[in-house]
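Predicted model only: the values in this text are computed from it and were never measured. Letters A, B, ... mirror the listed sequences (proteins, then strands); counts begin at 1.
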Amino acid sequence: MAGGAIKQTDVHAVAGATIFREARLLDSGEWADWVAMYSEDAVYWVPGWLDEYTTTNDPDTQVSLLYHDARRGLEERIARIESRKSITALPLPRTVHQISNLEASETGPDEITCHSVFSVHVYDPRVAKEHLRHGRYAHTLRREGDTWKIARKVITLVNDRVPTVLDFYSI
Amino acid sequence: MNAASQNHAARLREISRLVDDRPSERIFQVDRRIFSDPAVFDAELRHIFEATWNFIGLESQVARPNDFVTTHIGRHPILVMRSADGKVGAFLNTCRHRGTVVCPFKQGRQKFHVCRYHGWAYDSSGRNISVTEEASGQYPPSFSNQNHDLLPVARLGSYRGFLFASLSADVPQLEEFLGDTRAFLDLIIDQSDSGEVEFVPGASTYTFDANWKLQFENGLDYYHFATTHSSYVDILKKRNATAGPDAGFTVEPGGEQEGQGSFSFDYGHAVNWSIKRTQLYGRPLGMDPARLDAVRQRVGSTRAKWMLRQRNLTIFPNLQVIDILSAQVRTWRPLAPDKTEMVSHCLAPVGESAAARTLRIRNYEDFFNASGLASSDDNVMYEFCQTGYDATSAAPTQGYLRGVADIGHGESAHTRELGITPSEWSFGPTSFGGETNFHPGYREWHRLLQHAAGETA
Ligand code: FES
Ligand SMILES: [Fe+2]
């Protein structure tokens, strides 16, 4: 019993440390460190909405808001912004990720699944406008050697009428 | 004719003059006010969007009896339904009793739509089948004699599954309205062996804080691509270095002259296109040589060649159909002079292979929408334009003249190939980026406002 409780704490601590660190790196623009948290074959998925209640469930036959089935897709997005050529990054909005309601459980050997909710406050200094993105995260973490990597992240964006731009840093 | 309507007509005429179109003097100017003035915006909704044909969806969105989908024409909420006996109808989505939106859902299947307020019910043909407690209602004969059905749009038509509707009956026949844009719809529809297209599930909706005409222009603006999308072009070039046959790259037949051109049509429509030897992206039709051969057999090598060229089609006032690395159908709904809502669908031929479909979806997500690597740059650009247009006292912009010195009339090698007779055409090198293909939209804009002024007076 006692051992199980300690283990449960560990799982929760690993999940919290990973997810909060990810949020901080996104908000501070430390994207090389952020993307390094993902495994090379990580799936990064923001499903679309089919109707009022249902999100898309098959990225190969339905359109997602964002879908990358390897870290490379995220690296391209970072490179585009860092090239200082993308209009969306001239200037970049400032963001604050707030994450709570974290639940985590061990779902396999060296695998943790966590659920959380997010609010991302986005402020666009270009036009002094702000808006809020909110929704749910489902992370799958996998142990690779000594570190825990994000193997899969599914982002359910609740307010899916998107103002102007949606990118990895604003959800 | 009273003073108020005379005044209104005079105002409309004044607004219509904000587009200064003098072909013989080779002058085309657009006053900055048309992007920000609330009076212009109101006139556009009433006398353009709500007075002509609008694209409202695909028939395949309501494939089965009792299927429905909701949309808008101008400010009007619209309910498109297929009746129990299979007929497609389009209705104002507003209850006859006291105006409630009858169907608040995006899409679905329902035999009946019951109004949430007092329970009046309509069937999928729009017929009122119940006035709640009618017998005890102490209604006067004037009520009982009235029809209580949902109000249908004034005109509804379909071209090969593309549904168009008009709130005004004073419009040309749909075939005439579409004219030779049909040849360009055909180039997409005929990529399907069965001649059917569908939306891939997963539409997206986004907004930008700028006038709808920024989107109208941008969809025909070849000139901006290299600049606005340079960060995306960098990514494509990098990817292409390692692209395999699965990427769907195709080649132009030998002897084709590279270049960029456009066709302008009546009623505001235009298409721009390019012929390029080195392509930046592949496309689903190109990834399976056997299937491409079969399509070529069916449609002929000339039309197959055009199917593999970039084509951005605008059907005025609310539709753009893009066939590039994927196919997109996008519509806009003006919400305010400086706010526009876009709805975007991935368009696909029915019957393509699973691999081609997946490539289509990946390419679509990559390029389009607020989350895509190209369209997101456009959206921000519209907002920069809108901010710049606040300089209302500045001279008119100089953005409508590329190509004006050499406008084509009559036949060209390209019109002959396609069997079309556009009102104007343009062609230049791939660095051309002609702007004359914005003119037909503004001419139709002008015509509709003048028409409304004539009617009101
Ligand atoms: S408003 Fe629809 S039943 Fe009263
Ligand atoms: Fe663009």
Side-chain angles (χ1 to χ4, degrees), chain A residues 44-70 72-73 75-93 124 126-129 131 133 155 157 159-171, chain B residues 104-108 199-210 224 227-236 238-239 326 328 339 341-346 348 354-355 357-362 364-366 368-384 386-387:
Chain A
Y44 181 94
W45 184 23
V46 187
W49 286 90
L50 294 170
D51 56 34
E52 284 72 14
Y53 304 109
T54 329
T55 55
T56 55
N57 53 47
D58 178 4
D60 287 344
T61 60
Q62 299 167 326
V63 177
S64 305
L65 285 167
L66 280 91
Y67 181 77
H68 297 293
D69 59 3
R72 198 174 67 100
E75 287 165 348
E76 283 181 343
R77 285 182 176 268
I78 292 171
R80 169 172 175 264
I81 284 170
E82 291 193 328
S83 74
R84 310 302 293 161
K85 286 185 187 173
S86 170
I87 315 300
T88 62
L90 303 171
L92 263 181
D124 188 345
R126 175 178 58 98
V127 281
K129 274 183 195 154
H131 37 254
R133 310 268 162 87
I155 304 172
L157 180 67
N159 49 346
D160 70 326
R161 188 173 93 163
V162 177
T164 316
V165 177
L166 183 72
D167 210 338
F168 66 88
Y169 55 80
S170 59
I171 36 173
Chain B
F105 299 111
K106 258 210 278 206
Q107 60 187 59
F199 288 153
V200 181
S204 63
T205 306
Y206 58 93
T207 58
F208 53 79
D209 291 344
H224 82 290
T227 326
T228 302
H229 301 305
S230 66
S231 65
Y232 182 56
V233 171
D234 288 349
I235 290 176
L236 291 177
K238 212 165 173 183
R239 282 184 202 162
S326 179
Q328 184 198 32
K339 197 173 183 72
E341 181 189 87
M342 301 293 302
V343 176
S344 164
H345 293 272
C346 178
R357 178 59 60 92
T358 301
L359 178 71
R360 177 180 300 279
I361 292 169
R362 285 294 89 77
Y364 170 90
E365 292 158 350
D366 199 51
F368 295 115
N369 304 326
S371 45
L373 298 175
S375 298
S376 59
D377 282 325
D378 290 322
N379 291 349
V380 176
M381 214 36 134
Y382 307 156
E383 297 185 352
F384 278 127
Q386 190 70 26
T387 312

At a 4.5 Å cut-off on heavy atoms, which part of [X] comes close to chain B: side chain, backbone, both, or neither?
X      : result
A:P59  : both
A:S83  : side chain
A:I171 : neither
A:D167 : neither
A:R84  : neither

- Query: Shortest non-hydrogen contact from A:R126 to B:F384?
  - Reply: CD-CZ, 3.1 Å
- Note on the structure: In terms of heavy-atom contacts, A:K85 and B:S231 come closest through CB-CB, 3.8 Å
Tell me which of these, [options], has more heavy-atom pairs under 4.5 Å with chain A than the rest.
options                : value
B:L373, B:L359, B:N379 : B:L373
B:N369, B:V380, B:V343 : B:V380
B:G108, B:S371, B:G202 : B:S371

- Derivation and outcome, side chain to side chain contact (heavy atoms under 4.5 Å, CB included), residues A:E76 and B:K238: CA-CA 10 Å; A:E76 283 181 343; B:K238 212 165 173 183; over 6 Å; no
Working to the nearest 0.5 Å, report the span between [atom1] of [X] and [atom2] of [Y].
X      : Y      : atom1 : atom2 : value
A:L166 : B:Y206 : CG    : OH    : 12.5 Å
B:D378 : A:T164 : CG    : OG1   : 12.0 Å
B:S376 : A:R80  : OG    : CZ    : 4.0 Å
A:Y67  : B:T358 : OH    : OG1   : 9.5 Å
B:H224 : A:I87  : NE2   : CD1   : 9.5 Å
A:R161 : B:M342 : CZ    : CE    : 12.5 Å

- Most contacts with chain B, counted as non-hydrogen pairs under 4.5 angstrom, among A:T55, A:L65, A:D124: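 Looking at each of A:T55, A:L65, A:D124 in turn, A:L65 comes out on top.
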At a heavy-atom separation under 4.5 Å, does [X] approach chain A through its side chain, its backbone, both, or neither?
X      : answer
B:R360 : neither
B:I361 : side chain
B:Y364 : side chain

- Message: Checking A:V63 against B:S204 for the side chain to side chain contact (heavy atoms under 4.5 Å, CB included) test, could you report, in this order, the C-alpha distance in whole Å, the side-chain angles of both residues, the deciding distance, and whether it holds?
- Response: CA-CA 9 Å; A:V63 177; B:S204 63; over 6 Å; no
- Item | Derivation of the salt bridge (Lys or Arg N to Asp or Glu O under 4.0 Å) call for A:D60 and B:R357 | CA-CA 8 Å; A:D60 287 344; B:R357 178 59 60 92; over 6 Å; no
- Please name the residue in the list B:D377, B:T228, B:D234 that meets the side-chain hydrogen bond (donor to acceptor under 3.5 Å, both in side chains) test with A:S86.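 In the set B:D377, B:T228, B:D234, the residue that makes a side-chain hydrogen bond (donor to acceptor under 3.5 Å, both in side chains) with A:S86 is B:D377.
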